[in-house]
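Quick notes on the structure that follows.
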Amino acid sequence: RAVLRTELGRGCIWVCTVVALGPIQTSPLLGLGTAAYLSSCRIMWRQKRVPSSHCSVCNAGGLRGATVVDALDTLYIMELEEEFQEAKTWVEKSFDLNVVSQLLGVPIRITEPSVAALVPGEWVFKSKALELGEKLLPAFNTPTGIPRGVINLGSGMSWSWGWASAGSSILAEFGTLHLEFLHLTELSGNPVFAEKVLNIRKVLKRVEKPQGLYPNFLSPVTGNWVQHHVSIGGLGDSFYEYLIKSWLMSDKKDSEAKKMYDDALEAIEKHLVKKSAGGLTYIAEWRGGILDHKMGHLACFSGGMIALGAEHGGEERKQHYMDLAAEITNTCHESYARSDTKLGPEAFRFDAGTEAMATRLSERYYILRPEVVESYVYMWRLTHDVKYRQWGWEVVKALEKHCRVEAGFSGIRDVYTTVPTHDNMQQSFFLAETLKYLYLLFCEDDVLSLDDWVFNTEAHPLPVNHSNFKAKASVQ
Ligand code: DMJ
C-alpha cells in the first residue's frame, strides 16, 4: 500500500495490478482516486485552466470546486495526505458559498461534516458546514416548510425548478436532507436543522399516498402531490435510501423512519417489482398506474439499500429481502455485462424482447455513475460472495479501458461500442462515490464499518449517532 501511495504521489496514473479477488483479506485495491484528482483538480487550481479536450467538471450543484469538496473524504480514506492537505487549504481559503445552488446538490456533496467526523481536529470543516447549513435555511420558508429546489445562497432567495410541474418540489431533493441536517444539529447543538427535516417527514406522513407509493412531485404550497410519477430511480431514489439510513444513523432509535421505509418498500415490491421473461428482476417506474418497464442506472443503488434494510428484519423477512437485493444487483450487473464496454447505460428496458439493455439512443451513455458498484459494496459486505468483487474488478478494467483520458476520467456517449466517444466530463461523484466504493469493495470490512458509519447519498460517511436526536428537536 505504501508503494502504491508513493507511486500515486508521483502522479502515476492508474495502477493496474493483479488483485487476488477471493479472500476477504485482499489488500486494499489502490488509490484510484489520485488519477482523477491529480490530473483534474491540480490542473484546475495550479494552472488556472481546464483543458477543453478533457475537461473535468469541477462544478456541481452550482458550486465552483465541487470536485475538490466532493473528493475530500475519499482522499482522506485513501490516506493521500498530501492531496488531502492541499484540498483542505483550498476549502479554507477559496471555497465560495455565495452562489446560486441546487438544494440537493449542495448538502449531499459537502464533505465537511464527514471529514469533521473522520478527523475530529479539523474544525475548518465544521465551520464551513455550519455556514452552509445556515445559508440553506431560507429555502424552507414556504407555507408547508417543504423547501424549494433552487436557492441563491448569497441572497437567500429560493425558487422551484422551471421544469418541475406547477412549481413543485422534488421528492429526491427535499427527501434527501435528513442525514445531513440531523448531523448539523449534532455538530452545532442548534435544533433548527433537525426541526426542518422532521417537519418534511411530518408533511410526507400526512399526505395520502396512492397505493402506498410516494410520487416524485409535491407542492411546497399545498403539501399535495402535483403528479403521479413514481420512481425508485431519478427524482425519487435517495428519499427511500434516507428513510432506512435515518434509522441506522439514529442507532436504530428512529422507528418512524424504519416504518416509513418498510411500508414504502412493501408498496414498491407489490406494484413496481417485476420479473422479465428471461428471469431478471427489475423495478419499473409508475405513471398514474401505468408501468414503464424501464430501470435507470440511478435505480441500481436499490440492491444495496434493500440488502442494508434486510439485515435488520426478522429471519424470514431478511432472507426474502436479501434475495430481492441480490436479484436486483444481478440485473444491474447484467446491464453492464450485456454492453460492449462492460459499462452500463443510463437506462435499460424490459420490453419488446429487450432485457436489461438500452433501446433508445439517448439512454446509451455512461457518466461514471456509482450506483452499481455501490450495490456491489453492500452485497459484498453483507454476504462475502466473491462474485461482487469480481464484478467490481470488471468495472475497474472497463473504466481504465474506456474512460481514462489525459486529464482524468471521462463519461462515454455509448456503452455499446468499443470505440466510445468521450463526453469530456468528469462528474464530481466519480471521486466521491464511484472510486470510493470501488476502493471499499477491496478493503477489509472494518474500514468504515457499516456498524459505525452511514454513507450519505454521495457516499460521504456520517457517524452512527448514539444520542437521542429527537429530544433536540421541538417538532410535535
Ligand atoms: C449522486 O450525485 C448521488 O448519488 C445522488 O443521490 C444521485 N446520483 C448521483 C450519481 O449518480
Side-chain angles (χ1 to χ4, degrees), residues 33 36 56-63 65-74 101-111 113-114 149 161 169-181 197 214 216 231-246 249 283 285 295-306 308 332 335-336 343-348 363 365-378 395 399 403 409-412 415 423 425-438 440 454-462:
S56 73
V57 174
C58 286
N59 297 303
L63 287 180
T67 292
V68 182
V69 180
D70 229 359
L72 266 168
D73 59 346
T74 302
S101 147
Q102 186 187 336
L103 179 71
L104 172 71
V106 175
I108 65 164
R109 285 195 169 83
I110 295 304
T111 46
S114 288
W161 291 108
S169 296
I170 312 296
L171 181 68
E173 295 198 327
F174 65 78
T176 310
L177 300 168
H178 207 96
L179 302 182
E180 293 79 5
F181 273 55
V197 287
Y214 290 81
N216 292 335
S231 162
I232 199 152
L235 306 178
D237 49 5
S238 39
F239 160 68
Y240 306 98
E241 174 187 357
Y242 271 34
L243 289 177
I244 190 66
K245 290 184 175 175
S246 295
M249 196 173 90
I283 308 185
E285 300 199 358
M295 198 164 160
H297 194 290
L298 287 164
C300 283
F301 84 97
S302 58
M305 175 188 75
I306 293 168
L308 197 58
C332 292
S335 78
Y336 277 48
L343 294 166
E346 179 67 4
F348 45 94
E363 294 171 343
Y365 63 90
Y366 172 67
I367 55 169
L368 307 172
R369 284 199 193 278
E371 291 77 17
V372 175
V373 288
E374 175 180 349
S375 282
Y376 294 168
V377 172
Y378 286 109
V395 176
L399 285 169
C403 301
F409 290 81
S410 164
I412 55 177
V415 296
D423 66 9
M425 305 260 278
Q426 182 182 282
Q427 304 284 345
S428 79
F429 50 67
F430 180 63
L431 273 154
E433 297 191 74
T434 314
L435 292 187
K436 186 188 288 138
Y437 283 131
L438 281 169
L440 291 175
V454 170
F455 292 92
N456 85 347
T457 194
E458 193 80 356
H460 300 310
L462 293 167

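Counting convention: from 1, in listed order, for ligands and their atoms alike. The chain is numbered in sequence order, starting from 1.
- The aromatic rings of Tyr437 and Tyr378 sit tilted, their planes meeting at an angle between 30° and 60°.
- Considering only heavy atoms from C-beta on, Glu458 comes within 4.5 Å of Ser428 through its side chain.
- The closest side-chain donor-acceptor pair between Asp237 and Ser231, if any, does not fall under 3.5 angstrom.
- Residue contact check: Leu298 has heavy atoms under 4.0 Å from atoms 7 (C), 8 (N), 11 (O) of ligand 1.
- Close approach to Glu458 involves these atoms of ligand 1, each under 4.0 Å from a residue heavy atom: 1 (C), 2 (O), 3 (C).
- With a heavy-atom cut-off of 4.0 Å, Glu371 touches ligand 1 through its side chain alone.
- Only side-chain heavy atoms of Glu433 come within less than 4.0 Å of ligand 1; its backbone N, CA, C and O stay farther off.
- For Arg369 and Glu433, the salt-bridge test fails: no basic side-chain N is under 4.0 Å from an acidic carboxylate O.
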